[in-house]
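For the single chain, residues carry numbers from 1 onward in sequence order.
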Amino acid sequence: MSSDSDPQTQPEEPSAEDESHLIRLQKFLAATGLGSRRHCEEYIETGRVSIDGDVVTELGAKVDPETQVIEVDGERVRLQPRRYYLLNKPSGFLCTNNDPAGRRRVVDLFPNDGQRLFTVGRLDENSEGLILVTNDGELAQRLAHPRYRVARTYHVQVVGNPPREKLDELRKGVRFKEGVFRVAGLKYLKKQGKSAFLELTLHEGQNREIRRMMARIGHKVIQLVRIRFGPLNLGKLKTGEFRRLTDTELKKLRQLLNEKHSPDIRHRKGKKNAAPAKARAPRKAVGKRSGERGAAAGKNVSERVSGGKKAGGKRSVTPGRKSGADSTKPKTTGRRIIGDVSGKQTRQGKRK
C-alpha cells in the first residue's frame, strides 16, 4: 500500500529535458518574422498575443510552438523555414510592408507563397542596389542595429566635380539635428562630363544620409547604388533580380555579428599595436662592480662609465692628454660603452 509520500502518487516536476524545447514568447514571435524582439515585447505588453486562447501580457512566458496555438490579433503565427535573399533593388520601390498609398514595395518582387518577408534596413525609394530580404526577424534586427556597425558601400554619381577640401568635410563629419554624419571610407572614382563618381562607405544607415551630406557640400546626388553590405557583394546581379544567400555567406554574416558583439571590442579599438605593459622588456642598468662597492663604502657607484674606472675608484687617463675635468670627459657618440677603453671589456657591469 502506498502512502501520501509515495513518489508514485505525487505529480512529477517538469525536468530540464521537458523544458528544453520551450522558448520565450517574444523570441518565438520575432522568429516568425513579426519584427524585432523589442517590437514583439510591445505586442505582448499591449495584450495582442494569446496562447491557447488566453491573453498573455507577461514577458517571461515560455511556449511550445509544436503543441500550443499562439495568436497575434486573433491570427495564428507559425515558425517558417528561414529564407535569406539578396536583391538588386530597382529605383521606385519602397522598403516597407505597409504603404497606405499603395506604392510598389520590395516584397512585391517576390512570389506570394504565404511567407512573410521584410527588408534588412532600408534603401530610399530612388536608391538602388544590394538589400537583404528575409523572414528571420532576429538576424535582421541585429544587422540593421547601429551597434554592430556593419559596413555599407555605395557608388554615388553627383552633379559637378567635388574638390578635395569638400570631400574632406565628409571625412571630418557634417552636423545635422540627429548628430554628426561622416563617411568611414571615401574614394574618388572618375569624372564623367559634368558629374563625378564616388565610392562611399558608411557604418550607420541614417535616413537619406548620403543625399543630405552631398547636398550640404553643394553636390546633388544623381544616382546612388549600394554595392556591398558587410561581407556580401552585389556582383553581376541585374536590377530587379534576387538570389538566395549561400551557406558560406550566411556563415560570414553570423561571424561578423559575433565579432562586433565581442565584449572587449571597445578595449581593443585603437590599441591594436600596443604592447602590454607587462610584456615590455625591462631596461638594462649598468651593474655595480663588486670592487667599487667595497671601495666606495656605501656611495652610489652606478653612474655611467665612459672612460672606464680602475678598482679603487681612480679614473684612467688616456696617454697624450692632460689630466683634468675637460680632458677626462670623452665626447658623446650616442653609443653606450661599458668597460675599459684599452680593450678589456666588461660584461653585465663585471670585469672579466
Donor-acceptor pairs under 3.5 angstrom involving side-chain atoms of residues 175-188: please list them, not counting sequence neighbours.
unit_1: Glu178; atom_1: OE1; unit_2: Arg212; atom_2: NH2; d: 2.9
unit_1: Glu178; atom_1: OE2; unit_2: Arg212; atom_2: NH1; d: 3.2
unit_1: Glu178; atom_1: OE2; unit_2: Arg212; atom_2: NH2; d: 3.2
unit_1: Arg182; atom_1: NE; unit_2: Lys172; atom_2: O; d: 3.2
unit_1: Arg182; atom_1: NH2; unit_2: Lys172; atom_2: O; d: 3.0
unit_1: Tyr188; atom_1: OH; unit_2: Asn161; atom_2: OD1; d: 2.4

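- Here Phe197 is tied into one hydrophobic group with Leu189, each link being a pair of ILVMFWY side chains closer than 4.5 Å.
- Salt bridge status for Arg105 with Asp99: absent, with no side-chain N to carboxylate O gap under 4.0 Å.
- Under the 4.5 Å side-chain heavy-atom criterion for ILVMFWY residues, a single connected hydrophobic cluster contains both Leu253 and Tyr84.
- With a 4.5 Å cut-off on side-chain heavy atoms, Val56 and Val49 do not count as touching.
- Of the possible donor and acceptor atoms, one in the side chain of Thr246 sits under 3.5 Å from a partner among the backbone N and O of Glu249.
- Atom CZ of Arg164 has 12 or fewer heavy atoms from other residues, nucleotides or ligands within 6.0 Å.
- Cluster annotation: Val159 is not connected to Val221 through the hydrophobic network of ILVMFWY side chains, with a link wherever side-chain heavy atoms come within less than 4.5 Å.
- With hydrogens and angles ignored, the 3.5 Å screen pairs a side-chain donor or acceptor of Asn88 with a backbone N or O of Leu237.
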Thr96/Arg103 under side chain to side chain donor-acceptor pair (under 3.5 Å): CA gap, chis, key distance, verdict: CA-CA 10 Å; Thr96 181; Arg103 290 172 293 180; over 6 Å; no
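- A donor-acceptor distance shorter than 3.5 angstrom exists from the side chain of Thr134 to the backbone of Arg83, with no hydrogens or angles considered.
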Worked verdict on Glu199 versus Arg228 for salt bridge (Lys or Arg N to Asp or Glu O under 4.0 Å): CA-CA 11 Å; Glu199 182 177 291; Arg228 281 191 295 274; 3.4 Å; yes
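- Within 6.0 Å of atom CD in Glu165, more than 12 heavy atoms from other residues, nucleotides or ligands are found, so the atom counts as buried in its surroundings.
- Residues Val72 and Thr32 fail the side-chain proximity criterion, which asks for heavy atoms closer than 4.5 Å.
- Note on Leu202 and Val150: separate hydrophobic clusters, where clusters join Ile, Leu, Val, Met, Phe, Trp and Tyr whose side-chain heavy atoms are under 4.5 Å apart, directly or indirectly.
- Ring geometry for Phe242 versus Tyr85: interplanar angle over 60°, hence perpendicular rather than tilted (30 to 60°).
- When each of Thr119, Leu245, Leu87 is paired with Leu132, the side chain to side chain contact (heavy atoms under 4.5 Å, CB included) condition holds for Leu245 and for no other.
- Ile227 is not connected to Val156 by any chain of hydrophobic side-chain contacts under 4.5 Å among Ile, Leu, Val, Met, Phe, Trp and Tyr, and they are in different clusters.
- Residues meeting the side chain to side chain contact (heavy atoms under 4.5 Å, CB included) test with Gln68, sequence neighbours left out: Ile51, Asp52, Val63, Asp64, Ile70.
- Tested against Ser127, the residues Gln223, Lys89, Arg211 include a single side-chain hydrogen bond (donor to acceptor under 3.5 Å, both in side chains) partner, Arg211.
- Residues Leu25 and Lys62 are not in side-chain contact: their nearest non-hydrogen atoms beyond the backbone lie 4.5 Å or more apart.
- The side-chain heavy atoms of Val225 and Glu128, taken from C-beta on, include a pair separated by under 4.5 Å.
- Other residues, nucleotides and ligands contribute at most 12 non-hydrogen atoms within 6.0 Å of the CG atom of Asn112.
- Counting heavy atoms from C-beta outward, Leu200 and Met213 have side chains that stay 4.5 Å or more apart.
- Side-chain contact between Tyr148 and Leu143: absent, with no pair of heavy atoms (C-beta onward) separated by less than 4.5 Å.
- In the hydrophobic clustering of ILVMFWY residues, with side-chain heavy atoms under 4.5 Å counting as a link, Phe110 and Leu123 come out together.
- Put simply, the side chain of Arg226 gets close to the backbone of Leu130: a donor and an acceptor are under 3.5 Å apart.
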